[in-house]
Amino acid sequence: MTIKIELNAMKFYAFHGVAPQERKVGNHFVVDIRMEANVNRATQSDDIRDTVNYAEVYTVVKREMERPSLLLEAVAGRILHSIKQEFPQVRHLCVKVAKLNPPFGGDVESAAVLLEE
């Protein structure tokens, strides 16, 4: 049985960007996480210890979003590596980090980076 756990549309105000102004003023970001994990035992045990605690995953994402970076790739990479390190039962992971209304002079809803491992 394949079990997927998702955390969708986590919203953060953070200070990521190449331009100094972006790191000073900040912007709105949205993070999506999709995980596949061996947590079949939880379907029977109903015990949080037998699954990936998504409240703890949120805490990892929040911690990494609080660290300013120039590139979304770096932010997404930190999130991915931290989740994999703290939750070894995660077999496949997809991290999407989107910057809303990126400041490059066009009508663009978001610019996003998607990493999978």
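Quick caveat: nothing in here was measured; it's all calculated off a predicted structure.
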For this session: May I ask you to decide if L100's main-chain N or O and N27's side chain share a donor-acceptor pair within less than 3.5 Å?
Result: yes
Problem set entry | R91: side chain to side chain contact (heavy atoms under 4.5 Å, CB included) partners, not counting sequence neighbours | N38
Problem set entry | salt bridge (Lys or Arg N to Asp or Glu O under 4.0 Å) partners of residues 66-77, not counting sequence neighbours, each pair once | K62-E66, E64-R67
Seminar exercise, completed: The side chain to side chain contact (heavy atoms under 4.5 Å, CB included) partners of I3 (sequence neighbours excluded) come to M1, I5, V39, N40, T43
For this session: Using the ring pair (Phe, Tyr, Trp, His ring centres under 6.0 Å) rule, collect all pairs that involve residues 31-51, keeping only residues at least two apart or in two chains.
Result: none
For this session: Verify the neighbour count for atom CD of Q85: are there more than 12 heavy atoms of other residues, nucleotides or ligands below 6.0 Å?
Result: no
For this session: Among residues two or more places apart or on two chains, list those pairs meeting ring pair (Phe, Tyr, Trp, His ring centres under 6.0 Å) that have a residue in residues 76-117.
Result: none
Per-pair distances, 0.1 Å, donor-acceptor, side chain in residues 6-22, under 3.5 Å, sequence neighbours excluded:
residue : atom : partner : partner atom : Å
E6      : OE1  : N8      : ND2          : 3.3
K11     : NZ   : A9      : O            : 3.4
Y13     : OH   : V25     : O            : 2.8
Y13     : OH   : G26     : O            : 3.3
H16     : ND1  : S69     : N            : 3.1
H16     : NE2  : M65     : O            : 3.2
E22     : OE1  : V18     : N            : 3.3
E22     : OE1  : A19     : N            : 3.1
E22     : OE2  : K99     : NZ           : 2.4

For this session: I would like to know whether E116 and R34 meet side chain to side chain contact (heavy atoms under 4.5 Å, CB included); could you show each step before the answer?
Result: CA-CA 9 Å; E116 286 191 66; R34 186 177 65 241; 3.9 Å; yes
Cut-off 3.5 Å, no hydrogens considered: what does the side-chain donor-acceptor table look like for residues 49-59, sequence neighbours left out?
residue : atom : partner : partner atom : Å
R49     : NE   : D47     : OD1          : 3.1
R49     : NE   : D47     : OD2          : 3.2
R49     : NH2  : D47     : OD2          : 2.5
D50     : OD2  : S45     : OG           : 2.6
N53     : OD1  : A55     : N            : 2.9
N53     : OD1  : E56     : N            : 3.3
T59     : OG1  : A55     : O            : 3.1

For this session: Show your reasoning for whether side chain to side chain contact (heavy atoms under 4.5 Å, CB included) applies to V61 and I83.
Result: CA-CA 8 Å; V61 174; I83 291 172; 4.3 Å; yes
Problem set entry | E86: side-chain hydrogen bond (donor to acceptor under 3.5 Å, both in side chains) partners, not counting sequence neighbours | R63
Problem set entry | With sequence neighbours excluded, residues passing side-chain hydrogen bond (donor to acceptor under 3.5 Å, both in side chains) with E109 | none
Exercise. Measuring from S110:OG to N101:CG, what's the distance to the nearest 0.5 Å?
Worked result: 8.5 Å
Problem set entry | For A76, all residues meeting side chain to side chain contact (heavy atoms under 4.5 Å, CB included), sequence neighbours excluded | V95, V97, V113, L115
Problem set entry | In one Ile/Leu/Val/Met/Phe/Trp/Tyr side-chain cluster, 4.5 Å: V60, L72 | yes
For this session: Taking side-chain hydrogen bond (donor to acceptor under 3.5 Å, both in side chains) as the test, write out the residues that go with H28, two or more places apart.
Result: none
Problem set entry | Any residue meeting salt bridge (charged side-chain N to carboxylate O under 4.0 Å, His left out) with R23, in chain and number order, not counting sequence neighbours | none
